[in-house]
Amino acid sequence: MGKIKLVLVGSVLGLGLGAAALAAPALAEERTCRGSIGASTLDNVRVPQGATCTLTGTRVKGTVKVERNAVLVARGVHVIGNVQAEGARAVTVTGGSKVGGSVQVKQGGAATVRSSRVTGDIQYDANRGRLQAAGNRVGGSIQVVGNRGRALVERNTVKGNLQCKENSPAPEGGGNVVGGNKEDQCRRL
């Protein structure tokens, strides 16, 4: 009888440990970028405060985060998630880049998204520097709100809306093909 209890307790403990091992979440790795990263595949990329990062032909399975006073230059990249920047000095996404989520640049300096495909939205919110969204294919909307630098919005194909408000000066541009509505300051673009 003693052996049966021991085997039974051992089996139950083994099952419990196995279930705990299966329940452990898979952690995605975050690569800190200071300098350059070429054609490699990464889980997530973080550009730390004050750093400059150049991504060329890089594939990111998650998200690219750009921190305060940092600079991101991304050429020919494929990002499955978002490109997110808050307080960044400059964000540039060009050269046939593909972003599966959105490009969100908030409370920073300059930003450019040019000749790229963005499945979600391009959002420029409360930035101080020069902004550009040109020659892109956007699956969501382009939103340019509350910025204090010059903004150029031209030659984009947008499935959603083109929304611009509370920018000083008002955005310039034209030649945008919009599936939804052109609103407020972007009515004529």
Side-chain angles (χ1 to χ4, degrees), residues 45 47 49-58 60 63-189:
V45 174
V47 185
Q49 183 171 340
T52 296
C53 173
T54 301
L55 302 175
T56 307
T58 310
V60 180
T63 295
V64 177
K65 290 187 180 177
V66 188
E67 296 181 350
R68 186 159 305 285
N69 293 320
V71 175
L72 171 69
V73 177
R75 293 185 195 101
V77 300
H78 187 183
V79 179
I80 303 296
N82 299 316
V83 175
Q84 299 173 322
E86 188 163 345
R89 189 171 350 132
V91 174
T92 303
V93 179
T94 62
S97 292
K98 295 177 184 173
V99 178
S102 296
V103 177
Q104 303 163 322
V105 182
K106 299 180 180 193
Q107 300 171 345
T112 296
V113 180
R114 188 176 58 243
S115 302
S116 297
R117 294 188 124 174
V118 178
T119 303
D121 301 325
I122 296 175
Q123 300 172 330
Y124 294 151
D125 184 13
N127 296 290
R128 299 173 312 281
R130 184 159 173 76
L131 306 171
Q132 183 182 63
N136 301 297
R137 294 174 98 44
V138 181
S141 297
I142 295 178
Q143 300 165 328
V144 183
V145 179
N147 299 287
R148 296 293 168 247
R150 294 186 56 156
L152 177 66
V153 182
E154 66 179 1
R155 298 178 286 101
N156 298 288
T157 301
V158 183
K159 282 191 178 178
N161 298 315
L162 181 55
Q163 302 165 316
C164 303
K165 64 183 179 178
E166 301 170 6
N167 298 289
S168 180
E172 300 173 351
N176 296 290
V177 177
V178 178
N181 297 311
K182 293 182 181 181
E183 299 175 8
D184 297 319
Q185 292 175 318
C186 284
R187 274 190 318 271
R188 293 184 179 91
L189 302 182

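Below, each value reflects all heavy atoms present in this structure, side chains not excepted, and no hydrogens, waters or symmetry copies.
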(request) For R148, look at atom CZ and say whether over 12 heavy atoms of other residues, nucleotides or ligands are found less than 6.0 Å away. (result) yes
(message) Give me the atom names and distance for the closest heavy-atom approach of S97 to G76.
(response) OG-N, 3.1 Å
(message) Given Y124, which partner from the list V153, N147, V145 fulfils the side-chain contact (heavy atoms from CB on, under 4.5 Å) test?
(response) N147
(request) Using modelled atom types only, decide if a donor and an acceptor are shared between the side chain of N156 and the backbone of N176 within a distance under 3.5 Å. (result) no
(message) To the nearest 0.5 Å, what is the distance between CD on E172 and CZ on R188?
(response) 14.0 Å
Sequence neighbours excluded and cut-off under 3.5 Å, please list the side-chain donor-acceptor pairs for residues 83-96, or say none.
residue	atom	partner	partner atom	Å
Q84	NE2	Q104	OE1	3.3
R89	NH2	N69	O	3.1

(message) Main chain of V144, side chain of N167: is a donor-acceptor contact present, judged purely on distance under 3.5 Å?
(response) yes
(message) Applying disulfide (SG to SG under 2.5 Å) as the test, list every pair that has at least one member in residues 131-162; sequence neighbours left out.
(response) none
(request) For Q143 and Q123, test the side chains for any donor-to-acceptor distance below 3.5 angstrom and give the result as yes or no. (result) yes
(request) Taking atom CZ of R130 as the centre, report whether more than 12 heavy atoms of other residues, nucleotides or ligands fall under 6.0 Å from it. (result) yes
(request) Kindly give the heavy-atom pair with the smallest separation between P169 and G149, and that separation in Å. (result) CD-O, 3.9 Å
(message) Within the supplied structure, the quantity of interest is the number of heavy atoms (other residues, nucleotides, ligands) at a distance under 6.0 Å from K182 NZ; does it exceed 12?
(response) yes
(message) Is it the case that the side chain of N127 and the backbone of V105 share a donor-acceptor pair, with hydrogens and angles ignored and the cut-off at 3.5 Å?
(response) yes
(request) Look up atom CD1 in I142 and atom OG in S102, then write down how far apart they are to the nearest 0.5 Å. (result) 11.5 Å
(request) Among V79, V99, I122, N136, find the residue that satisfies the side-chain contact (heavy atoms from CB on, under 4.5 Å) test when tested with S116. (result) N136
(message) Can you tell whether the side chains of E183 and K165 come within less than 4.0 Å, N to carboxylate O?
(response) no
(message) Give me the atom names and distance for the closest heavy-atom approach of A70 to V47.
(response) CB-CG1, 3.7 Å
(request) State the OG1-NE2 distance between T58 and H78, to the nearest 0.5 angstrom. (result) 12.5 Å
(message) Testing the basics here: between K159 and G139, what is the closest heavy-atom pair and its distance to 0.1 Å?
(response) CB-O, 3.3 Å
(message) Once rounded to the nearest 0.5 Å, what's the spacing between atom CZ of R137 and atom OG1 of T157?
(response) 5.0 Å
(request) Could you grab the distance from atom CG of L162 to atom CD of Q185, nearest 0.5 Å is fine? (result) 11.0 Å
(message) Once salt bridge (charged side-chain N to carboxylate O under 4.0 Å, His left out) is applied, do any residues pair with E154, and if so which ones, sequence neighbours excluded?
(response) none
(request) Could you tell me whether the side chain of R150 and the main chain of L131 form a donor-acceptor pair under 3.5 Å? (result) no
